[in-house]
2 protein chains.
Amino acid sequence: MDKIFKALASEPRRRILHHLAAEPMTVGEIADNFEMAMPSISKHLAVLKEAGVVREQKRGQYVLYTLAADRLSGQLYDFLAPFCDQAREIAEARPRRRGRE
Amino acid sequence: MDKIFKALASEPRRRILHHLAAEPMTVGEIADNFEMAMPSISKHLAVLKEAGVVREQKRGQYVLYTLAADRLSGQLYDFLAPFCDQAREIAEARPRRRGRE
DNA sequence: TAGTCATTTTCCTATTTAGCTAAATAGGAA
DNA sequence: TTCCTATTTAGCTAAATAGGAAAATGACTA
């Protein structure tokens, strides 16, 4: 739970998620939308991946990043569950995935 | 949107929210549940208040802090809306409050 | 008034984080 | 192999953050 909030506590990282919501993209394509240098984007992606909210696929020399919207919303519903009835219902209705963190 | 994620990106602050979910508490009562010194708790509460997820009421020399669960969940649903249909429905159904940022 | 209690503010230090450039890694093409 | 492109890693500096101790504020009590 710590990782996801640390990951989301960054405007550039939240912007990256919005870009990935449109379609999966390579690091370079993402970087084209930012002023930031590519290594910085790469590190932001590593943080998002560590938090489980994006997935990466090696495509030859490219790395394609995909939004894991289910993990993003799932973790936030889990967090909200103790504070909000609707979130608790949603969280409980969600299939619990095994293994992945 | 930045303030709330910065606020939640701290385990002590998330623990404080859980305590306040049970009942409103003074700074001292909250601090009794932590190893941390009271000034540190006070500063964490200021961050949470700035993010709009707790409210404070002066009670003589005491300050009573209350969880603003509606603001907490409301902001997270707003964030999730672009990523999750259920969140979008909930966010749109919520009465938009004016003025309070 | 002085004294006490609850809380916040100030000031300080240690740690973490963000961003950069340069170098390293790895895949594809010639 | 060599070259080129995409991405990550390393190393650095500047800025932000967390926490503590001590001082300041504000409210109640004797």
Side-chain angles (χ1 to χ4, degrees), chain A residues 1-20 22-68 72 75 79, chain B residues 1-20 22-68 72 75 79:
Chain A
M1 197 53 70
D2 203 58
K3 284 179 184 171
I4 190 173
F5 283 119
K6 290 260 167 62
L8 296 178
S10 153
E11 208 230 297
R13 285 195 288 265
R14 293 194 302 275
R15 279 181 58 200
I16 289 175
L17 294 182
H18 279 102
H19 284 290
L20 292 180
E23 58 178 348
M25 295 170 98
T26 66
V27 182
E29 289 170 335
I30 297 168
D32 289 342
N33 294 285
F34 291 80
E35 304 281 302
M36 223 174 294
M38 178 149 23
S40 305
I41 299 291
S42 182
K43 271 189 277 188
H44 282 307
L45 285 164
V47 173
L48 292 168
K49 183 185 151 203
E50 190 62 25
V53 295
V54 305
R55 302 188 173 95
E56 77 175 14
Q57 299 169 330
K58 301 272 163 75
R59 283 273 184 280
Q61 54 191 328
Y62 298 84
V63 180
L64 197 62
Y65 279 91
T66 309
L67 178 66
L72 174 61
Q75 290 191 75
F79 168 76
Chain B
M1 198 52 70
D2 203 58
K3 282 179 185 171
I4 190 173
F5 283 118
K6 289 259 167 61
L8 295 178
S10 153
E11 208 229 298
R13 285 196 287 265
R14 293 193 304 275
R15 279 181 57 200
I16 289 174
L17 293 182
H18 279 102
H19 284 290
L20 292 181
E23 57 177 349
M25 295 171 98
T26 66
V27 182
E29 289 169 336
I30 297 168
D32 289 342
N33 294 285
F34 291 80
E35 304 281 301
M36 223 174 294
M38 178 153 18
S40 304
I41 299 291
S42 180
K43 275 184 276 191
H44 282 306
L45 285 165
V47 173
L48 292 169
K49 183 185 150 201
E50 190 62 25
V53 295
V54 305
R55 301 185 229 271
E56 77 176 13
Q57 299 169 331
K58 301 271 163 73
R59 282 275 185 277
Q61 54 191 327
Y62 298 84
V63 179
L64 197 63
Y65 279 91
T66 309
L67 177 66
L72 174 60
Q75 291 191 76
F79 168 76

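Lettering of chains follows the sequences in order, A, B, ..., and the numbering in each one begins at 1.
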Base, sugar-phosphate or nothing for [X]? Non-hydrogen atoms, less than 4.0 Å.
{"X": "A:Lys58", "result": "nothing"}
{"X": "A:Tyr65", "result": "sugar-phosphate"}
{"X": "A:Arg13", "result": "sugar-phosphate"}
{"X": "A:Met38", "result": "base"}

Check your understanding: Taking the six-membered ring where the residue is Trp, are the ring centres of A:Phe34 and A:His44 under 6.0 Å apart?
Key -> no

Under the 3.5 angstrom rule, does the side chain of B:Arg13 hit a backbone N or O of B:Ala7 as a donor-acceptor pair? yes

Test your reading of the model: is there a side-chain donor-acceptor pair from B:Gln75 to the backbone of B:Gly52, 3.5 Å cut-off?
no

With a 4.0 Å limit, can you tell me whether [X] has a side-chain N or O closer than that to the phosphate oxygens OP1/OP2 of [N]?
{"X": "B:His44", "N": "D:dG19", "result": "yes"}
{"X": "A:Ser40", "N": "C:dG19", "result": "no"}
{"X": "A:Thr26", "N": "D:dA6", "result": "no"}

Report task. Flag the pair B:Thr66 / B:Gln57 as yes when at least one side-chain heavy-atom distance between them is below 4.5 Å, and no otherwise. Result -> yes

Q. Taking the side chain as C-beta and beyond, is there a heavy-atom pair between A:Leu20 and A:Met25 under 4.5 Å?
A. yes

Those residues at least two apart in sequence (or on a different chain) that pass salt bridge (charged side-chain N to carboxylate O under 4.0 Å, His left out) with B:Arg14 are A:Asp2

Per atom distances to the B:Pro39 side chain, the nearest of D:dT8, D:dT17, D:dA22 is D:dA22

Assert: residue with more 5' nearest nucleotide on DNA chain C, out of A:Ser10 and A:Gly60, is A:Ser10

Here the distance between atom P of C:dA30 and atom CD of A:Gln61, to the nearest Å, is 12 Å

For DNA chain C, the dot-bracket notation using Watson-Crick and G-U wobble pairs below 3.5 Å, [ ] for pseudoknot-type crossings and | for other-strand pairs, is ||||||||||||||||||||||||||||||

